[in-house]
There are 2 protein chains.
Amino acid sequence: MTRKIPQSTVRRLSHYLRSLEGFEDEGGTVSSEELAARGQTTAAQVRKDLSHFGSFGKRGLGYRVDELRSRLRHILGIDRPWRVALVGAGRIGRALIEYPDFRARGYECVAIFDSDPDKVGRRLGDQTIRDAATLEEAMEDLQVELVILAVPAEAAHDVAARAVDVGVKGILNFAPIRLNVPPRIPVQDVNLVMELEALSFAISQAEEAG
Amino acid sequence: MTRKIPQSTVRRLSHYLRSLEGFEDEGGTVSSEELAARGQTTAAQVRKDLSHFGSFGKRGLGYRVDELRSRLRHILGIDRPWRVALVGAGRIGRALIEYPDFRARGYECVAIFDSDPDKVGRRLGDQTIRDAATLEEAMEDLQVELVILAVPAEAAHDVAARAVDVGVKGILNFAPIRLNVPPRIPVQDVNLVMELEALSFAISQAEEAG
DNA sequence: CTACATTTGTGACGAAATTCACAAACCGGC
DNA sequence: GCCGGTTTGTGAATTTCGTCACAAATGTAG
Ligand SMILES: NC(=O)c1ccc[n+]([C@@H]2O[C@H](COP(=O)([O-])OP(=O)(O)OC[C@H]3O[C@@H](n4cnc5c(N)ncnc54)[C@H](O)[C@@H]3O)[C@@H](O)[C@H]2O)c1
Ligand SMILES: NC(=O)c1ccc[n+]([C@@H]2O[C@H](COP(=O)([O-])OP(=O)(O)OC[C@H]3O[C@@H](n4cnc5c(N)ncnc54)[C@H](O)[C@@H]3O)[C@@H](O)[C@H]2O)c1
């Protein structure tokens, strides 16, 4: 039933969950058709995506909103809190850590690290910025599971390796390089330059076609 | 030759370009094998990706680094500058606008807008923040082509529609909603919550498998 | 010029993802 | 309890994407 799930399916599951959160009628039901209309996909796709994980939903009726929501939360692994650390309290790091939606989804920031002596000791959000030299000790103590990596590219490899050494389970990487970590550690890359390039590609493509 | 290009191909092209920029030997050549080793793909994939756009490269030798680089720039549409406006000078907007890599790649910020009277008139980067009420007029005057949309979700639809009305060609959208713009306007969504969810999904999945 | 070592470009093939289509399940009404 | 209207769940068909394998092209050495 649940084997190799396409990455595109995972993204759609996130979309479905977001759609469901915009629903008032908690006890009500929703059909694959309605769900498809909100994301931009098809009813068949919705059903196929969900069927990878079991068959909740009643024929002739649809899916119960509250049940589907908690199922999706479970599937995405956010039916429990995650202990997150931010490394790199620079521009992007500060923006992220003050973003309330992460915590609302269960991602709880339990530590912030930076190597800049001017930043160490300052407050950011509800944390005091720690010296990056204490990263191993603190991450183990605090049982950090996820790292948001927002340091310059030169430092990213080193930080990632150290975090993995002390048992971190996954990395959200903003540095524009491919991290060299063991394959068992999932790494999610965010590369905003690439997103802009995808945009200008799409535009240029359309212009050429006329 | 050039028909419907997979999104995954576009992302790989960005990677190839980044790899090439790390090359010293400008006049030298690079093989699909070498290029594949730097991204995590195969030599055949590299050749297939490039073949969608023509056949540059010499058999028995490889691709000339400088030529391939300029070809990729052309394909991605970054062989010319793009006129970009930021709307929403909040946390994420400020982080982005001070990020030097955008300009280095040809994305030039020509205007910044915000609706908050406290922010209007302040400097940010090399720009003065403009009143969002003047968005239409200023965008037309400045011939803005791309918009980086970093406003709260409630405001995003409105801003997007207004930008499209005055001729903007594409949108990089950070608001966690699906914009309702005409299909001819490419929209690239960046949703960081979804990236974290993909991470926790991957981890949970691995744990269940044992 | 010929033999040889490379590496591209691409058609054929295979794998993966999406769409189709329909039997099975369910609800409400009577 | 049965009928009619719905909607799911899923094998099969289709489309899209990635890999393979090899002929054609190029450079080099002798
Ligand atoms: N700012 C953006 O909009 C943006 C966009 C895309 C990608 N990025 C990437 O995100 C990363 C951070 O970018 P930024 O703009 O926030 O840079 P920044 O210079 O503002 O912040 C980097 C922070 O990391 C700290 N740091 C450096 N080495 C460290 C180490 N070894 N351990 C702990 N902390 C360390 C620095 O002191 C600094 O506070 C970079 O890799 C950049 O390429 C940034
Ligand atoms: N901060 C993050 O890390 C982060 C991460 C992911 C997504 N986002 C998304 O990015 C968007 C911005 O987030 P943020 O954290 O920067 O919020 P923010 O509140 O710090 O900034 C939003 C800015 O937009 C301005 N604004 C509001 N309405 C406007 C309008 N109609 N026209 C022009 N400007 C307007 C506000 O004055 C404010 O300066 C949100 O949609 C958020 O969900 C933010």
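As a basis for the values below, the full set of heavy atoms in this structure was taken, side chains included, without hydrogen atoms, waters or symmetry mates. Below, read A as the first sequence line, B as the second, and so on, with proteins coming before strands; counting in each chain starts at 1.
- A:Q188 CD to A:I148 CD1: the interatomic distance, rounded to the nearest 0.5 Å, is 12.0 Å.
- The side chain of A:R59 lies closest to D:dG9 when the candidates are C:dT8, D:dG18, D:dG9.
- Residue B:R47 places at least one side-chain N or O under 4.0 Å from the OP1 or OP2 atom of C:dT8.
- Sequence order on DNA chain C of the closest nucleotides to B:S32 and A:Q45 puts B:S32 first from the 5' end.
- Residues B:F102 and A:V193 meet the side-chain proximity criterion, which asks for heavy atoms closer than 4.5 Å.
- With rounding to whole Å, B:R64 atom CZ is found 15 Å from D:dG27 atom C1'.
- What separates CG of A:D49 from C1' of D:dT8 is a distance of 14 Å, to the nearest Å.
- D:dT8 atom P lies 13 Å from atom CD of A:E67, rounded to whole Å.
- With distances taken from any side-chain atom of A:S31 to the nucleotides D:dT8, C:dA17, D:dG11, the minimum falls on D:dT8.
- Rounded to an integer number of Å, the gap from A:L61 CG to C:dA25 P is 16 Å.
- Residue A:T42 places no side-chain N or O under 4.0 Å from the OP1 or OP2 atom of C:dT18.
- Rounded to a whole Å, the CZ atom of B:F53 is 14 Å from the P atom of C:dG9.
- Among the heavy atoms of the strands, none lies under 4.0 Å from B:T41.
- One atom, CD1 of A:I5, and another, C1' of C:dA16, lie 13 Å apart when rounded to the nearest Å.
- Contact check, A:R12 against C:dT18: a side-chain N or O comes under 4.0 Å of OP1 or OP2.
- In this model, the phosphate group of C:dG9 is approached by a side-chain N or O of B:Y63 to a distance below 4.0 Å at OP1 or OP2.
- Taking all atoms of both residues into account, the shortest heavy-atom contact from A:V144 to A:A85 is CG1-CB, 3.7 Å.
- Counting to the nearest Å, the C1' atom of C:dT10 and the CZ atom of B:F56 are 15 Å from each other.
- Map A:G60 and A:A44 each onto its nearest nucleotide of DNA chain D; the residue landing nearer the 5' end is A:G60.
- Between C:dT18 and A:S8, a contact under 4.0 Å exists linking OP1 or OP2 to a side-chain N or O.
- Distance CG (B:L68) to C1' (C:dT7): 14 Å, rounded to an integer number of Å.
- Between A:R94 and A:E98 there is no salt bridge, since no side-chain N of the basic residue sits under 4.0 Å from a carboxylate O of the acidic one.
- The residues A:R130 and A:E137 are annotated as not salt-bridged, no charged nitrogen and carboxylate oxygen being separated by less than 4.0 angstrom.
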